[in-house]
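First the structure, in the form of structure tokens, and then the observations on it.
Numbered from 1 within each chain, the chains take letters A, B, ... in sequence-line order. No hydrogens, no waters, no symmetry mates; every other heavy atom, side chains included, goes into these values.
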2 protein chains.
Amino acid sequence: MTASAPSIKRTSTKYLPPEDSRDRISAFMQSLQDEICQGLETFDKVGQFQEDAWQRPEGGGGRSRVMSEGRIFEQGGVNFSEVWGKTLPPSILKHRPEAAGHSFYATGTSMVLHPKSPYIPTVHLNYRYFEAGPVWWFGGGADLTPYYPFAEDAQHFHKTFKAACDRHHPEYYNVFKPWCDEYFYLKHRQETRGIGGIFFDYQDGQGKLYRGPHPEKSASQYSRSLDELEPRSWEDLFAFVQDCGRSFLDAYVPIAERRQAIEYGERERDFQLYRRGRYVEFNLVYDRGTIFGLQTNGRTESILMSLPPLVRWEYSYYPEAGTPEAQLYETFLKPQDWIHWPGSAV
Amino acid sequence: MTASAPSIKRTSTKYLPPEDSRDRISAFMQSLQDEICQGLETFDKVGQFQEDAWQRPEGGGGRSRVMSEGRIFEQGGVNFSEVWGKTLPPSILKHRPEAAGHSFYATGTSMVLHPKSPYIPTVHLNYRYFEAGPVWWFGGGADLTPYYPFAEDAQHFHKTFKAACDRHHPEYYNVFKPWCDEYFYLKHRQETRGIGGIFFDYQDGQGKLYRGPHPEKSASQYSRSLDELEPRSWEDLFAFVQDCGRSFLDAYVPIAERRQAIEYGERERDFQLYRRGRYVEFNLVYDRGTIFGLQTNGRTESILMSLPPLVRWEYSYYPEAGTPEAQLYETFLKPQDWIHWPGSAV
């Protein structure tokens, strides 16, 4: 789909994208979608992804893939899209004013999985790349939303992504882990969406590592000074994003495998449907991608693929003290240092 | 609860509120909540409202009433609240800059009912009143969201509120009906939320009738020139709001009564749960009251009482041509002149 995207003139230096940046990123984003869909179909054994390819009138398009009523997955969506146009929206230009007046190119892969069993967590992944005139950047991450509390699962998820981060920079995990806790936070509930993972945006290879809107959180809690790093090349960041993307199946499938056989009843199913309401609240009230997409003529069905197939709301529900449901609230819906967690059970 | 609200000095003229404005409005809003709850309990026969009274640390409080698992109503919430504070939020000051720097008083009653039967429409009502320094205004309305298409029901609902409007001003319905269609609109779905009703805001008795953010819609479609009206007194507007509020049971209960006995199966229930997703999307993405409440430490459980008890999302669902579900989309999710609709069947 890149064939007709307008090209952007650039001076060739180590810290600018290569001439074939768009082709390479687009190929990677599509192969990531392919790999994830294949891995999930193999694991699910029953469910298969159905694809809708679509075109965007203003430039670009995508392929949306949805699995419904699988053995493991009640619903799952994996989207690839690649779009271009005359000008980035104001919400993005605010962060990258140098991009104003330039045409842009953006591509990404995103995924949300809603398993049937309340013992298997919901999970989200998104990686994206932008170019506009003199600027380019990568963003993305992955986060896990369990319904029942297993510290072992939270540890496994975090350790897998920390390993991917550590292969590229010793400070990435320290910065991108708290950024994830902060981004996936429901202020009106005073809860995190789940146990987090990693999240980053506007990574453009400058010396200074961009640490998000509240850099003091990562600096004070997790990091050494990050303001005087060596610049990272486009190739460095692309390699990092590829590694994160390809770590997803290893981070998630073993968790789903070890929880799939646990029996559950109405109580656990009811709690899962209730907690899924928080996913809806986050995506519609806070998620920038969702809100931006809905307000700017994105493909509604692809954007809202992230919403769960069945959801429950209940007025003034609070879990009973001493139950696993209460433990989820007390420990798993607050930021935790899962890497150094005391043991494999909470 | 008004006892400790700070008083605002005012010059007594015909177009300013009376000295006891707050007591009178507060008493009305509470009696409206009482009347509606009593009327709905009488009709439901099984469900009863449970009350939570709450205090707001910054000033004021409310009483939230919820009915669950009634005979007719799967869930219903009717809230009264009365709050005061030092300064109105910027989103409101934008519309009423004269209120800047003044303490404010606000009170209102709001309601959302989610019936069990897909043949009985979901319905919403909200009336509110603000005072801040030199300014005061009324806002509110009621709108109906059917799942199955009955033109007779849409007509009855509109005719009841038109009659209430007409008792106070010959142009109210012409202005407040299209304003309702415009406000309860899901841009990302290109659908109205339902068949509308009436909606108004910032009604302050000035000569000019405030016609909402897009006055050309009502002016061109429905109204004579509204810019040179006689000023309306506080008493005029209060009487109008009381009449609208007290018209609700007459507007809704007969509809629910004549649809309650219709049998339905999985198909109709599935469609209802799917369409309830639109209610969630509207309330979380567009509704100013909900978003404002969530972002400013409102009482989350009371604000989100409007969300349905059970909801379904389905990727790329479109109703089959020629079905009642398709007719809902084609006719009932677009603005219509229900008063002059050709007959009682579509």
Side-chain angles (χ1 to χ4, degrees), chain A residues 49-52 54 64-69 74-79 112 114 186-191 269-270 273-274 276-287 290-318, chain B residues 49-52 54 64-69 74-79 112 114 186-191 269-270 273-274 276-287 290-318:
Chain A
F49 283 96
Q50 304 299 318
E51 180 174 301
D52 278 338
W54 49 273
S64 297
R65 293 189 188 155
V66 182
M67 178 193 284
S68 291
E69 296 175 33
E74 195 171 328
Q75 186 186 289
V78 190
N79 281 331
V112 174
H114 293 289
L186 288 88
K187 187 171 172 283
H188 67 284
R189 299 287 191 178
Q190 298 183 277
E191 293 167 11
R269 176 67 172 169
D270 274 357
L273 298 190
Y274 175 78
R276 280 179 176 174
R278 301 292 207 272
Y279 222 80
V280 175
E281 291 175 23
F282 181 84
N283 284 12
L284 297 184
V285 176
Y286 298 103
D287 189 60
T290 304
I291 295 166
F292 168 74
L294 293 182
Q295 290 177 345
T296 54
N297 285 324
R299 185 175 185 262
T300 296
E301 290 294 338
S302 297
I303 298 164
L304 297 185
M305 249 169 55
S306 65
L307 299 182
L310 195 65
V311 186
R312 215 169 60 81
W313 271 274
E314 183 178 331
Y315 175 73
S316 273
Y317 164 83
Y318 301 98
Chain B
F49 283 96
Q50 303 299 317
E51 178 174 301
D52 278 338
W54 50 274
S64 297
R65 293 188 189 155
V66 181
M67 177 193 285
S68 291
E69 296 174 31
E74 195 171 329
Q75 186 187 288
V78 191
N79 281 330
V112 174
H114 293 287
L186 288 89
K187 186 170 172 282
H188 66 285
R189 300 287 191 179
Q190 298 184 275
E191 292 167 11
R269 175 69 172 167
D270 275 358
L273 298 188
Y274 175 79
R276 280 180 177 174
R278 300 293 207 272
Y279 222 80
V280 176
E281 291 173 23
F282 182 84
N283 285 11
L284 296 183
V285 176
Y286 299 103
D287 189 60
T290 304
I291 295 167
F292 169 73
L294 294 181
Q295 289 177 346
T296 53
N297 285 323
R299 184 173 185 263
T300 296
E301 289 295 337
S302 297
I303 298 163
L304 297 184
M305 250 169 55
S306 64
L307 300 182
L310 195 64
V311 186
R312 216 168 61 79
W313 272 274
E314 182 179 331
Y315 175 73
S316 273
Y317 164 82
Y318 301 98

Which bit of [X] is near chain B, if near means a heavy-atom gap under 4.5 Å: side chain, backbone, both or neither?
{"X": "A/Val311", "result": "both"}
{"X": "A/Gln75", "result": "side chain"}
{"X": "A/Tyr318", "result": "side chain"}

Quiz item: Out of A/Ile303, A/Asp52, A/Asn283, A/Leu186, which one racks up the most heavy-atom pairs below 4.5 Å with chain B?
Solution: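 Of the options given, most contacts go to A/Asp52.
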
Quiz item: With chain B, which of A/Gln50, A/Arg312, A/Glu301 has the greatest number of heavy-atom pairs at distances under 4.5 Å?
Solution: A/Glu301

Quiz item: With a cut-off of 6.0 Å (strictly less than), are more than 12 heavy atoms of other residues, nucleotides or ligands near CD of B/Glu69?
Solution: no

Self-check item: Atom pair NE2/CH2 of A/His114 and B/Trp313 - distance to nearest 0.5 Å
Solution: 9.5 Å

Exercise. Give, for atom OH of A/Tyr286 and atom CG of B/Leu284, the distance between the pair rounded to the nearest 0.5 Å.
Key: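 Those atoms lie 10.0 Å apart.
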
Exercise. Can you see which heavy atom on A/Ser316 is nearest to which on B/Arg299, and at what distance?
Key: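 Taking A/Ser316 first and B/Arg299 second, the nearest heavy atoms are OG-NH2, 4.2 Å.
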
Quiz prompt | Residue pair A/Ser64 / B/Tyr315: nearest heavy atoms and the distance that separates them | solution =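 So the minimum-distance heavy-atom pair works out to CB-OH, 3.5 Å.
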
Practice problem: Look only at the side chain of A/Thr300 and the backbone of B/Arg189, and say whether a donor-acceptor pair between them is shorter than 3.5 Å. | Solution: no

